[in-house]
Enquirer: 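One structure coming up, written as structure tokens, with questions to follow.
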2 protein chains.
Amino acid sequence: MTSPHHSDLSAHIARGLSDLAEFVAIESVSAQGRMLPEAAAYVTRLLEAEGFTVREYPGTVAPVLVAEAGSGPTTLLIYNHYDVQPEDPTELWDSPPFALTEREGRLYARGVSDDKGEFISRLAAVRAVRERHGGQLPLRIRWLLEGEEEVGSPSLDAFVEAHADELRADGCWWEFGSITPEGRPVASLGLKGVMCVELRCRVADSDLHSSLGAVIDNPLYRLARAVATLRDDTGRVTIPGFHDAVRDPSPADLAAIATIPGDGQAVRDTYGVTRPLATGPDYFRRTNLLPVVNVNGWSGGYQGEGSKTVLPAHGSVKLDFRLVPDQNPEQILALLRAHLDTQGLSDVEVVELESHQKPARADAGHPFVVACLEAAREAHGLEPIIHPSSAASGPMSPFNEFLGVPCVAMGIGNLGGRIHAPNENILKVHFEKGVAFGVALLERLGRGL
Amino acid sequence: MTSPHHSDLSAHIARGLSDLAEFVAIESVSAQGRMLPEAAAYVTRLLEAEGFTVREYPGTVAPVLVAEAGSGPTTLLIYNHYDVQPEDPTELWDSPPFALTEREGRLYARGVSDDKGEFISRLAAVRAVRERHGGQLPLRIRWLLEGEEEVGSPSLDAFVEAHADELRADGCWWEFGSITPEGRPVASLGLKGVMCVELRCRVADSDLHSSLGAVIDNPLYRLARAVATLRDDTGRVTIPGFHDAVRDPSPADLAAIATIPGDGQAVRDTYGVTRPLATGPDYFRRTNLLPVVNVNGWSGGYQGEGSKTVLPAHGSVKLDFRLVPDQNPEQILALLRAHLDTQGLSDVEVVELESHQKPARADAGHPFVVACLEAAREAHGLEPIIHPSSAASGPMSPFNEFLGVPCVAMGIGNLGGRIHAPNENILKVHFEKGVAFGVALLERLGRGL
């Protein structure tokens, strides 16, 4: 068996691009309940054509699919989703959002990156590997596809727990990933947890004239004081006990972080950042390992032009907490409540806004991770960049928790990919590299961990 | 000369109510530049009919009038305004806002309390006194009327300074005042100063994903920390130097405050207040004497339903400071800036939102004040309630500063008078009492201080 070359894969890449054009044309917008059964049926048809048995389960707003094929020394779980974000504002698209369009080496469409391009590039790799192995796969693939990822994966946690036997594997290939402008593949081995809460305070039934501020408390002051006690000026959360459960990073994690190129200057330049909390080597240590609290917005009182001397009756502040292993959102919520009480802020109400996500992280030294990195080196010809954790969040923790598998996020996204925004795109060459990486990974896993 | 009785005044009261109906029909809304010359001309005609010479000066949006009549041992300056607040929301009025309407002992119209009813009740008293004195006045009255009070009196400060000789007097009868449900007249001898500022903070050119909160500062945290350092949980301002210029209240001030009935329970009941800062004897000490900072509102980031994991690029907080003698707004602004710098918050910008007003207060023991209280006892037959300062603000300080006169706010408002709101009203009996008080005051001052 030789390593795959693009020349070997051109037919599969061409067929994959044809599939991708069909797939993005199915407007599977989960937030609007559009065309989700059609997208599930399309995925099912493609997978069954490659010898997969596909089981369909009810989700909250869209079916959950579990496909299985092949046998061998290794079982690979692949997680993707067939739903997409809404396309609006449509007028900001330079080509129709649900028509795959190529311009200057890029392919544009809603979902072309997140997540239909990822799925199709992997499917193309499966076809190539089957062809090389006489219609068989040298490993067992279990493929989990949901249609609710863009609405917060409301069914996924319970589904993974309930179907653990059906999903058991040696490792999970996560739904996304990216490639740098220089062509280096980026692997993320974890995601931060997230918990969104609102702080609320009320001092009266209705707004009052601000001259009464001499004798009646101010809800925005109460909330400001609450926010000011949550972190310090360095960004470190100051809620007592908040850091107690934080897992020490492994030597492999620290080594990986130390070799990530750059220090976030591109982000600072892109957004005109005037108050960075970290530059230099501290930058990626923070994005990977630091749990933080963010103020997302606040409301209360007068917000128009000029002044209005009002004492607001009530106000609110929206926060999100980004958590790292092994912080538990429910425990953090309890610590927050206790902290506010200790600070004399028992009148500040804490309301969790939606279901939280737990943090997840795989050790960079895990054999499955090592195999993924080997395949990446082979396919891309460059050293992968390893993030022990993304700074962002997602529904990864049930895979760690209920299946005991590490998750590796590698894929075909790019920094200018505009996922969730108009003109979502991938580089065509990244799609090709993605197929090659898929082939290398399946072959590598077919030889055992 | 006997003290006035209602029976003596009935013809003047009736004529005053007829004038008042004409006056409120002139829709002199200064915020919208409506019918201001018409209102000035109406006032001029009424005053000239009573022997006043009236000089008209240009203001910022409406003429300033200075009328003068009479001679005697005392010169009284009266300050009123002929403009009113906008009438909207019109649909919440139970009768047309610019038609004087009587219902159950109350008179309703925009401006019927603030300030046209005050002016007309005083004019009716002038007529009654002239009638008693053979067409003469036993004192000199200088009457300053502006048409810009409801838009912040932009011309008044400079006008009083420039026309100090023309306005010189022994004391000033301020434009408003109130009477309790029990019929006790309320005198306010001062107003707090006010300064409105906005704190602003920006960390980037555009909003970012909140996962970047690990490495980029949060403007709402910065602003929350700024707000939290401005006061303590008791409501005391904690800006270093803030209290240095606060004038010690006089023994007469403290004695007056100690005899104000109640402790604000009615306010707390009316507004459903759950977080009072003061009850009992401390209540009126604070409303009269305590300088405070109020958070009027804040904006920044996501304010809709549910959560959005955004790191806002910028945010702002609106504040007002209520100041007491001899705090100087410009000095307070400098102290605020220095305080934020000391707190490591140099990036938090301070913007003054509009022109400030300085605090003003007359000593409760001043002979002019004593004379006003004597007249009030005579007209109302009950002991006046004396507030050395209102909790609210207004353009009183130039009268103290450039004319050296004490200002006494006594008038015909009531706690349910809904000034600035739909269904603005006065009690008809308060209008009658106001005429009687005016007669008593002019007679008292005609006998010398």
Side-chain angles (χ1 to χ4, degrees), chain A residues 192 194 196 202-206 208-218 220-221 224-225 227-228 231 233 235 264 267 271-278 283 286-287 290 292 294-303 306-312 318 320 322 344 347 353-354 391-393, chain B residues 192 194 196 202-206 208-218 220-221 224-225 227-228 231 233 235 264 267 271-278 283 286-287 290 292 294-303 306-312 318 320 322 344 347 353-354 391-393:
Chain A
K192 287 182 179 172
V194 66
C196 296
R202 174 178 286 279
V203 301
D205 290 338
S206 59
L208 300 115
H209 192 268
S210 79
S211 61
L212 287 166
V215 284
I216 296 169
D217 214 338
N218 187 299
L220 308 190
Y221 162 75
R225 198 160 85 65
V227 169
R231 48 162 281 197
D233 285 357
V267 168
Y271 293 101
V273 172
T274 54
R275 287 197 63 83
L277 287 171
Y283 184 85
R286 282 172 166 259
T287 59
L290 191 73
V292 292
N294 300 289
V295 189
N296 305 130
W298 54 20
S299 63
Y302 179 68
Q303 305 189 10
S307 65
K308 183 176 179 182
T309 49
V310 63
L311 169 55
K318 291 180 195 288
D320 73 63
R322 301 277 174 176
D347 56 308
L353 288 179
E354 54 194 32
S393 305
Chain B
K192 288 182 179 173
V194 65
C196 295
R202 174 178 286 278
V203 300
D205 290 338
S206 60
L208 301 114
H209 192 268
S210 79
S211 60
L212 287 167
V215 285
I216 297 169
D217 214 338
N218 187 300
L220 307 191
Y221 162 75
R225 198 160 86 62
V227 169
R231 48 162 281 197
D233 285 357
V267 168
Y271 294 101
V273 172
T274 54
R275 287 196 64 84
L277 287 170
Y283 185 85
R286 282 173 166 257
T287 59
L290 191 74
V292 292
N294 300 289
V295 189
N296 306 129
W298 53 20
S299 63
Y302 180 68
Q303 305 188 10
S307 64
K308 183 177 179 183
T309 49
V310 63
L311 169 54
K318 292 181 195 286
D320 73 64
R322 301 277 174 177
D347 56 307
L353 288 180
E354 54 195 32
S393 306

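In what follows, every chain begins at residue 1, and chains take the letters A, B, ... in the order their sequences are listed.
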Enquirer: Does any heavy atom of chain B fall under 4.5 Å from the side chain of A:Lys308, the backbone, both, or neither of them?
Expert: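 For A:Lys308, backbone heavy atoms alone lie under 4.5 Å from chain B.
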Enquirer: For A:Arg231, is it the side chain, the backbone, both or neither that has a heavy atom under 4.5 Å from a heavy atom of chain B?
Expert: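 Looking at A:Arg231, backbone and side chain both touch chain B.
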Enquirer: Are any non-hydrogen side-chain atoms of B:Asn294 and A:Tyr221 less than 4.5 angstrom apart?
Expert: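 The answer is no, as the side chains (C-beta and beyond) never meet within the 4.5 Å cut-off.
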Enquirer: Check whether A:Leu353 gets within reach of chain B through its side chain, its backbone, both or neither, counting any heavy atom under 4.5 Å.
Expert: side chain
Enquirer: If I measure from the heavy atoms of chain B, does A:Glu354 come under 4.5 Å with its side chain, its backbone, both, or neither?
Expert: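 The side chain, not the backbone.
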Enquirer: Taking B:Val292, B:Leu208, B:Val267, B:Ile216 one by one, which has the highest count of heavy-atom pairs under 4.5 Å against chain A?
Expert: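 The residue among B:Val292, B:Leu208, B:Val267, B:Ile216 with the greatest pair count is B:Ile216.
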Enquirer: Could you have a look at B:Thr287, B:Asn296, B:Asp205, B:Thr309 and say which one has the most heavy-atom pairs with chain A under 4.5 angstrom?
Expert: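 The option with the most such pairs is B:Asn296.
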Enquirer: Tell me the closest heavy-atom pair linking A:Gly213 and B:Leu277, and the distance in Å.
Expert: O-CD1, 3.7 Å
Enquirer: Work out which heavy atom in B:Lys192 is nearest to a heavy atom in B:Ala391; give both atom names and the distance.
Expert: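 So the minimum-distance heavy-atom pair works out to CD-O, 3.5 Å.
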Enquirer: Grab the two heavy atoms, one from B:Ala204 and one from B:Arg202, that are nearest each other, plus how far apart they are.
Expert: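 Shortest heavy-atom separation between B:Ala204 and B:Arg202 comes out as O-NH1, 3.0 Å.
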Enquirer: Just by distance, no angles: are the side chains of B:Ser210 and A:Arg322 close enough, under 3.5 Å, to form a donor-acceptor pair?
Expert: yes
Enquirer: Could you look at A:Val295 and say if it's the side chain, the backbone, both or neither that has a heavy atom under 4.5 Å from chain B?
Expert: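 Both backbone and side chain.
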Enquirer: If every non-hydrogen atom of A:Tyr271 is compared with every non-hydrogen atom of B:Ser206, which pair is closest and at what distance?
Expert: CD2-OG, 3.4 Å
Enquirer: In terms of heavy-atom pairs under 4.5 Å with chain B, which of A:Val310, A:Val273, A:Val215 leads?
Expert: A:Val215
Enquirer: At a heavy-atom distance under 4.5 Å, which candidate from B:Gly235, B:Ser393, B:Ala228 has the highest pair count against chain A?
Expert: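 Going by pairs under 4.5 Å, I would pick B:Ala228.
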Enquirer: Nearest 0.5 Å, what's the CZ-CG distance between B:Arg275 and A:Asp347?
Expert: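 It is 4.0 Å, given to the nearest 0.5 Å.
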Enquirer: For chain A, which of B:Asp233, B:Leu212, B:Val194 has the most heavy-atom pairs under 4.5 Å?
Expert: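 So the answer, after comparing B:Asp233, B:Leu212, B:Val194, is B:Asp233.
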Enquirer: Heavy-atom cut-off 4.5 Å, strictly under: side chain, backbone, both or neither for A:Asp320 against chain B?
Expert: side chain
Enquirer: To the nearest 0.5 Å, what is the distance between NZ (A:Lys318) and OG (B:Ser307)?
Expert: 7.5 Å
Enquirer: Among B:Thr274, B:Val227, B:Asn218, which residue has the highest count of heavy-atom pairs closer than 4.5 Å to chain A?
Expert: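 Between B:Thr274, B:Val227, B:Asn218, the count favours B:Asn218.
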